[in-house]
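Worksheet for the structure shown next.
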Amino acid sequence: MANFPLNVSALGNKFIDYRQTIPGDSFNWSWVRPLSAIQYLTIHHTAGPDTQTPDNIANYHIQNNGWGGVGYHFIIAKNGTVYYVGDINTARANVKDLNDKVIGICLVGNFVGGVEPSSEQINSTHLLCAKLLFETPEIPNINGWEDVNGHKNLNQTACPGDTWDTWRGKIIGATGPVPRPDQNRAA
């Protein structure tokens, strides 16, 4: 069974390990992959209402797509709460032909026609990505903001919406640049 413990202390109580609770299998569905296979953090949107919950999304994936669990690793609610929903040691179902190479991060909402994620979602996405990029040495092949992509950058799709190019920069600079651990040393 895959079971990678993760905590994003910068998020405080806005980080919830929901893997045991969410409908479906967060630990065994799909396949286990080495963390060294991961090359991208991939941002998605639900393309649905702001009121969707992780359970709504998981149930849709299970009932409509026939999957064994939710297709993402993380879901970020409108208020910035980050739900850890699919173990990062497992490939999920979020980027066709690249599922073994991505960590899927899905923001609740439909970001088209000028709509962007909430400032809370942007900040939480920044903190989550920074943790995965710079403070999780078990994932050696993602180590810079260039490894954060929208779904549309990896597959032909409209996800995560037509405003992605605007809010990607906000994710990267939400609370300022996060230095790599080796850059913290005095010269």
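Counting only residues at least two apart or in different chains, side chain to side chain donor-acceptor pair (under 3.5 Å) contacts with residues 96-107 are absent. Legend: side chain to side chain donor-acceptor pair (under 3.5 Å) pairs involving residues 154-163, not counting sequence neighbours, sorted by first then second residue: T163-W167. Residues in residues 1-13 take part in no salt bridge (Lys or Arg N to Asp or Glu O under 4.0 Å) pair, two or more places apart or across chains. Listed by first then second residue, pairs satisfying salt bridge (Lys or Arg N to Asp or Glu O under 4.0 Å) with a partner in residues 33-44 number zero, not counting sequence neighbours.
For P34, the side chain to side chain contact (heavy atoms under 4.5 Å, CB included) partners two or more places apart in sequence, or in a different chain, are S36, A37. The salt bridge (charged side-chain N to carboxylate O under 4.0 Å, His left out) test applied to R168 returns no partner, not counting sequence neighbours. Scanning for salt bridge (charged side-chain N to carboxylate O under 4.0 Å, His left out) contacts around E120 gives an empty result, with sequence neighbours left out. Taking the salt bridge (charged side-chain N to carboxylate O under 4.0 Å, His left out) definition, one finds that D50 meets it with K78, sequence neighbours left out. For I62, the side chain to side chain contact (heavy atoms under 4.5 Å, CB included) criterion is met by P23, not counting sequence neighbours.
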All N/O donor-acceptor pairs, side-chain side in residues 64-71, below 3.5 Å, sequence neighbours left out:
none

Would you give me the side-chain donor-acceptor pairs under 3.5 Å for residues 10-18, sequence neighbours excluded?
{"unit_1": "K14", "atom_1": "NZ", "unit_2": "N79", "atom_2": "O", "d": "2.3"}
{"unit_1": "D17", "atom_1": "OD1", "unit_2": "R19", "atom_2": "N", "d": "3.2"}
{"unit_1": "D17", "atom_1": "OD1", "unit_2": "R19", "atom_2": "NE", "d": "2.8"}
{"unit_1": "D17", "atom_1": "OD2", "unit_2": "R19", "atom_2": "NE", "d": "3.4"}
{"unit_1": "D17", "atom_1": "OD2", "unit_2": "R19", "atom_2": "NH2", "d": "2.7"}
{"unit_1": "Y18", "atom_1": "OH", "unit_2": "D55", "atom_2": "OD1", "d": "2.9"}
{"unit_1": "Y18", "atom_1": "OH", "unit_2": "D55", "atom_2": "OD2", "d": "3.3"}

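Grouping Ile, Leu, Val, Met, Phe, Trp and Tyr by side-chain contacts under 4.5 Å, direct or through others, leaves V112 on its own.
With a 4.5 Å cut-off on side-chain heavy atoms, S26 and Q20 do not count as touching.
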